[in-house]
Number of protein chains: 2
Amino acid sequence: MKTYSVVIVDGHVLLSQAIAHLVDSFEEFETLYICNNGQELLDKLKQNSVLPDIVLMDICMPELNGIQTTQLVSEIYPRINILALTADEDEHSIINMLRAGAKGYLFKSIEKSELEIALVDVITQGYHHTKNVSDVLIKFLMGESESKKVNLKQQELQFIRYVCSEMTYKEIAKSMYRSPKTIDGYRDALFKKLQVKNKIGLVMYAIKHKLYTP
Amino acid sequence: MKTYSVVIVDGHVLLSQAIAHLVDSFEEFETLYICNNGQELLDKLKQNSVLPDIVLMDICMPELNGIQTTQLVSEIYPRINILALTADEDEHSIINMLRAGAKGYLFKSIEKSELEIALVDVITQGYHHTKNVSDVLIKFLMGESESKKVNLKQQELQFIRYVCSEMTYKEIAKSMYRSPKTIDGYRDALFKKLQVKNKIGLVMYAIKHKLYTP
DNA sequence: GGGACAAAGCGGTTTTACCCTGTGTGAAAT
DNA sequence: ATTTCACACAGGGTAAAACCGCTTTGTCCC
């Protein structure tokens with residue numbers, strides 16, 4: 001008997017459809033609908049009177065990404081269980097997704113049987129954490145993690161994006177309408193804050209943390 | 001009637017399984033087996049006497065990636081039709097995949113009906129090219145593409161990876177057992193060859209072209 | 001062998017990056 | 001009203017990066 005409804009949110013339609021098939025093949029679950037991005041999910045939730053029991057959410061999506069969407073949805077509809085389902089296996093994504101309110105984090109490299117277990121778990125227990133994810137969480141709690149939430153100001157974000165272009169600091173200063181010495185200050189502050197020693201470090205940080213997309 | 005067999009190669013098991021479901025839902029196609037990476041595909045092809053009609057191949061995979069695998073398989077088993085099926089939409093991947101012998105290039109953002117059309121096409125016509133892919137091909141042939149195959153020497157590859165770390169040229173010189181001045185030469189040569197003006201440009205090139213993974 | 005040519009290596013020079021310390025100025029806190 | 005703090009900015013110095021031109025080395029071809 002189909003008792004629980006699932007919504008799938010993934011930027012890649014073919015994958016959404018394929019996963020929908022898979023979900024429908026499970027005893028107790030059925031796909032309610034699929035969405036291409038976070039905005040579409042919000043719209044559908046507003047329109048439909050029937051709320052899903054579970055949302056399977058990818059992270060990498062155009063417009064509204066998985067983390068932002070999770071944050072919004074879990075605030076407005078706390079009864080919906082959101083499970084991350086993504087290829088993104090890095091620490092930051094996991095931490096941020098769980099912080100945003102996800103009830104579990106699944107890699108796309110799991111077996112379909114594990115997906116079913118996760119779905120059942122989240123219904124019966126309210127969460128599902130695999131070993132990999134637990135390890136990251138523990139590492140994080142132990143303070144061994146580098147994800148100590150560094151929050152960057154708008155200005156610093158803009159600066160770091162300029163650094164990723166081939167501009168010199170002098171050129172960046174012009175573009176940002178600041179004195180070159182001020183730019184020196186921005187740089188030094190970021191070096192300290194992000195624990196890097198030069199421009200290259202900044203660029204790598206920006207790319208790893210998706211502040212800049214090559 | 002199930003007449004044509006399909007093999008799916010994708011680093012993410014859940015996706016392979018989901019797509020397999022989808023393929024099995026099509027009239028004329030059925031999944032023969034799935035593989036987690038290129039090496040596994042080569043092994044299976046060697047072991048089994050029955051060869052698949054079509055291989056759906058992802059690019060991003062551990063060990064042997066999709067492009068390398070396609071090259072090998074299309075040389076040894078020219079009768080197998082390889083279709084790229086990937087989230088990777090950049091020009092380089094498309095060009096390299098087709099150069100390696102793929103009979104078509106599908107984005108994971110297509111509809112499942114399009115997947116079926118592509119499978120039928122590749123059986124009846126021997127290829128399937130969507131508009132997006134054709135556009136890239138034309139652009140490439142017109143010489144407007146930046147993919148003008150710059151081939152880098154082993155030395156230059158190693159150097160460019162060092163540059164992506166936060167090392168100075170002096171440190172790189174030590175690591176590569178070369179004089180700092182020689183390293184200067186490597187750098188200048190690469191600046192010219194890759195049309196960049198500084199270290200940052202090199203780093204961006206390396207990342208865009210997957211010479212270095214952050 | 002010797003000339004043509006490209007790549008590797010090297011010295012000197014200028015520009016940029018990096019680092020430390022310090023000043024003035026507003027806005028918020030006490 | 002003064003303390004505090006964040007911010008824009010400056011001077012001045014060293015190290016590194018980037019650019020130029022020159023010599024050496026090796027290879028290919030007559």
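Residue numbering restarts at 1 for every chain, and letters A, B, ... go by the order of the sequence lines.
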A:N198 CG to D:dA16 P, straight-line distance once rounded to whole Å: 11 Å
Short side-chain N/O contact from B:Y186 to OP1 or OP2 of C:dA8, under 4.0 Å: no
Sugar-phosphate, base or nothing in reach of A:K153, heavy atoms under 4.0 Å: sugar-phosphate
Contact under 4.0 Å: B:Y169 side-chain N or O vs D:dA15 OP1/OP2: no
Distance test, side-chain N/O of B:K170 to OP1/OP2 of D:dA16, below 4.0 Å: yes
Straight-line distance of B:T70 OG1 to B:L83 CG, nearest 0.5 Å: 10.0 Å
Test: B:R187 cationic atom under 6.0 Å from B:Y169 six-membered ring centre, within 45° of axis: yes
Touch class at under 4.0 angstrom, heavy-atom based, for A:T182 against every strand present: base
Pair A:D135 + A:K131, salt bridge at N-O below 4.0 Å: yes
Spacing of A:S16 atom OG and B:K108 atom NZ [to the nearest 0.5 Å]: 11.5 Å
A:D88 and A:K210 ion-paired at < 4.0 Å: yes
First of A:R187 and B:Q155 reached from the 5' end of DNA chain C, by closest nucleotide: B:Q155
Gap between atoms CD and P, on A:E166 and D:dA17 respectively (whole Å): 16 Å
Rounded distance (Å) that lies between atom P of C:dC10 and atom CD1 of B:I183: 11 Å
Atom-pair distance (NZ on B:K199; P on D:dA18), nearest Å: 7 Å
Protein-nucleotide distance (B:K192, atom NZ; D:dA18, atom C1'), rounded to Å: 15 Å
Side chain A:K181 and base C:dG22 donor-acceptor under 3.5 Å: no
Rounded distance (Å) that lies between atom C1' of C:dA8 and atom CG of B:L190: 14 Å
Between D:dA18 (C1') and B:L194 (CG): distance, integer Å: 16 Å
C:dG9 OP1/OP2 closer than 4.0 Å to side-chain N/O of B:S179: no
Sugar-phosphate only, base, or nothing, as touched by A:D184 at under 4.0 Å among non-hydrogen atoms: base
Interatomic distance, A:D188 CG vs C:dT16 P [rounded to whole Å]: 18 Å
